[in-house]
Amino acid sequence: MEEEKKAAHFIKNIIINDIENKKISKIITRFPPEPNGYLHLGHAKSICLNFGIADEFSGECNLRFDDTNPAKEEQKYIDSIMEDVKWLGFDWEDRLFHASDYFDRLYDFAVELIKKNRAYVCSLSGDEIRQYRGTLTTPGRNSPFRNRSTAENLDLFERMKKGEFNDGEHVLRAKIDMSSPNINMRDPIIYRIKKTAHPRTKDKWCIYPMYDFTHCLSDAIEGITHSLCTLEFEDHRPLYDWIIDQLDTPCHPKQIEFARMNLDFTIMSKRKLNILVEKKYVKGWDDPRLPTLAGIRRRGFTPQSIRKFCSLIGISKKESRIDLGVLENCIREDLNEKAPRVMGVLNPLKLIIENWPEGQIEELDAMNHPQKKEMGTRKVIFSREIFIEREDFMENPPKKFFRLGPGREVRLRYAYFITCRKIVKDDNTGEIKEIICTYDPATRGGDAPDGRKVKGTLHWVSGQHSIPAKVRLYDRLFLKEDPEEANDDFTDNINPESLVTLDNCRVEKSLENAGAGDTFQFERLGYFCIDSRDSSPDQLIFNRTITLRDTWAKLKKKKH
RNA sequence: UGGGGCGUAGUCAAGCGGUUAAGACACAGGAUUUUGAUUCCUGCAUUCGGAGGUUCGAAUCCUCCCGCCCCAGCCA
């Protein structure tokens, strides 16, 4: 994980400064998800930041569920979030917390606020509260209930807790300043009645604290030193500080805001991700096209690659959009190191070697990784009828096409040089049915003793000795870099070819025992992993994680 | 038009009064290659949103201007 930590950024600078000034001895951060959805790459950025900083400065990072709205939160999200954080490679050890763990203490803090005449029960309706709040440019007005006596406030608040009122009848508000230019300071609501069972506290409470009240106090209770959050909470910082200042808390954490991550060709909004799932644009929360951690995991991304990515994109306050190439580069870099090489043919084209005896087979040695001898070798079976990639043959190839064409000689990887002699076409459609070639027996293994060179090397599998497979080719989910661009319906920008399923692929026999999640490089094509949900030994299903860098494809594209 | 933020290369991003303005991705060349992969070289901001000012010296300090983002949930 070493190299994932080097980059300097403003938050780190603040922390270093705090340590040097002896303000703080031990750094404590927290990752505070609301369990109302699945984690995505944006969360990964926050997880890596919080856990990474704790790690780097020998501190601690807590996992804390911000579960103050039982109407939206569910246990299944809590479970999946824990799984995702673990998968990413972080450990909260014994520090698993929930804001709901603090409901009693939070209630006491609220009482303390009332006693200090810094909070009151307001009985305005929701609409009225909005009207009294004023607008961005006009100040708000004081609630008629603002001057209730402490005794009355205490009594009412207790009765709210006891369940004597209905949802919306009363709220508890901080008494700050209705004319503040910062709307968050205009007597914000800190408790509301919500007669909803909570996933953890069940029916114990019918009043729940709001985010602004809960978050800062939870941080203080846990002794958080640096409370890192996203930019939209910048306006809430004065309130965060105000609440801590009014109350007798163990410490005063420092809130620091950083910019969310935006990634090209995808979306990070929980709400919109939810629409994609609910309206079946994708097949579920773990659809490999989604930026959810469950999705990219199934797609074949490794935790290392995601951590690397998060370290590369940096931390700043500038709103930015990350080039997809950065993510792609991270996964290629990691898989290039780790993935065993193998041969698979996506769109098979039959090729017959006419001077190879019928029924004869030969076992050839193939390296599992050309740069890593220690990964060993395997046998691949060569025979008279093989499959090559349809794309690797052209009847009228252009100059720069280094593959097979009439009369051309190429190398079959780890096997022999072959020369194309004939093309067999379908009489009616004109489609190429098979290619007839001859091989040069002197080139076994792929080298010519006479030193002659070939321009291209093709991957292949034996017709008889390969196994069928389905392959899912994934591409970007959206056509636009920013699918949420002004007045667009983001679903209009969905890439209709984000998933292409190939049912008639052939892969080499060594893959027959591959298991869920195993990742391979199909030489010359890309990285593919066994789908963890749908694949079975009888029917292998691979997900394409990412293609190899393809300068030939780029060249072709340029010409058009 | 209130308040809070942000502007350094195509995209991220270091930089904190004196540097030839880091690094990554992308891009363009070249070398090696039994993956058009990998790896390896080389190039890629006389300039930091703009204009003024302070200073021997400014991306860094000051002033004004311009552009973009966020805030009016009993969501987080």
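Hydrogens, waters and symmetry mates are skipped; everything else that's a heavy atom, side chains included, is used. So you know, we letter chains A, B, ... as the sequences are listed, proteins then strands, and number each from 1.
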Restricting to nitrogen or oxygen on both sides, can you table the protein-nucleotides 15-18 of chain B pairs closer than 3.5 Å?
{"residue": "B:G15", "atom": "OP1", "partner": "A:N13", "partner atom": "ND2", "Å": "3.3"}
{"residue": "B:C16", "atom": "N4", "partner": "A:N13", "partner atom": "ND2", "Å": "3.1"}

*asked:* Taking the ring centre of each residue, are A:Y38 and A:Y77 less than 6.0 Å apart?
replied: yes

*Expressed as a whole number of Å, how far does the C1' atom of B:C12 sit from that of B:G17?*
27 Å

*Counting any heavy atom closer than 4.0 Å, what does A:Y132 reach on the DNA or RNA strands: base, sugar-phosphate only, or nothing?*
nothing

*Side chain of A:K318: nearest nucleotide among B:U8, B:A37, B:G4?*
B:U8

*asked:* Quick check: do A:F490 and A:K272 have side-chain heavy atoms less than 4.5 Å from each other?
replied: yes

*Pair A:F233 + A:Y240: ring centers closer than 6.0 Å*: no

*Of all the choices, B:C75, B:C70, B:C74, which nucleotide is nearest to the side chain of A:K72 once you look at every atom?*
B:C75

_Ring center gap for A:F528 and A:F542 short of 6.0 angstrom_ = no

*Test log, rule ring pair (Phe, Tyr, Trp, His ring centres under 6.0 Å), inputs A:Y107 and A:F157*: CA-CA 10 Å; A:Y107 181 83; A:F157 188 49; 4.8 Å; yes

*From the list B:C75, B:G3, B:G36, which nucleotide is the closest neighbour of the side chain of A:R192?*
B:C75

_Measuring from the side chain of A:T551 (C-beta onward, heavy atoms only), which nucleotide among B:G4, B:A37, B:C6 has the closest atom?_
B:A37

*How would you label the contact of A:R341 with the nucleic acid (heavy atoms, under 4.0 Å): base, sugar-phosphate, or nothing?*
base

*Just call it for A:D447: base, sugar-phosphate, or nothing, with non-hydrogen atoms closer than 4.0 Å on any strand.*
base

_Mind checking if A:Y414 touches a base, just sugar-phosphate, or nothing, with heavy atoms under 4.0 Å?_
base

*Can you check whether A:K556 reaches A:W552 side chain to side chain, under 4.5 Å on heavy atoms?*
yes

*Scan A:R133 against the nucleic acid and name what it touches under 4.0 Å (heavy atoms): base, sugar-phosphate only, or nothing.*
sugar-phosphate

*Between A:Y211 and B:A76, do the rings stack, that is, sit under 5.5 Å apart with planes less than 30° off each other?*
no

*asked:* Heavy atoms only, 4.0 Å cut-off, all strands: where does A:Y191 land among base, sugar-phosphate and nothing?
replied: nothing

*asked:* Within the 4.0 Å heavy-atom criterion, would you say A:P370 contacts the bases, only the backbone, or no part of the nucleic acid?
replied: base

*Between B:G50 and B:U1, how far is it from one P atom to the other, in whole Å?*
23 Å

*Out of B:A76, B:U35, B:C74, whichever nucleotide has its closest atom nearest the side chain of A:Q521*: B:U35

*Is any side-chain nitrogen or oxygen of A:R524 closer than 4.0 Å to OP1 or OP2 of B:G36?*
yes

*Give the C-alpha distance, both sets of side-chain angles, the deciding distance and a yes or no for ring pair (Phe, Tyr, Trp, His ring centres under 6.0 Å) between A:F309 and A:F301.*
CA-CA 11 Å; A:F309 174 65; A:F301 280 76; 8.9 Å; no

*Chi class for B:G50: syn within 90° of 0, otherwise anti*: anti

_Letter per nucleotide, 5' to 3', of nucleotides 20-32 of chain B [B base touched, S only sugar-phosphate touched, - untouched; heavy atoms, 4.0 Å]_ = ----SSSSS----

_Closest listed nucleotide, where the reference is the side chain of A:I183 and the choices are B:G73, B:C71, B:C12_ = B:C71

*State which of B:A13, B:G5, B:G36 makes the closest approach to the side chain of A:W552.*
B:G36

*Please determine, for the side chain of A:L136, which listed nucleotide (B:C74, B:G2, B:G36) has the closest atom?*
B:G2

*Verify whether the ring centers belonging to A:Y120 and A:F145 lie closer than 6.0 Å.*
no

*So what does A:E328 hit on the nucleic acid, given a heavy-atom distance under 4.0 Å: a base, only sugar-phosphate, or nothing?*
nothing

*Could you check which of B:C6, B:A76, B:G3 has an atom nearest any side-chain atom of A:N182?*
B:G3

*Just how far, in rounded Å, is P of B:C74 from CD of A:E128?*
13 Å

*Contact class for A:T135 (heavy atom, under 4.0 Å): base, sugar-phosphate, or nothing?*
base

*A:K194 side-chain N/O to B:C75 phosphate OP1/OP2 under 4.0 Å*: yes

_Ring centres under 6.0 Å, that's the criterion: do A:F258 and A:F10 meet it?_
no

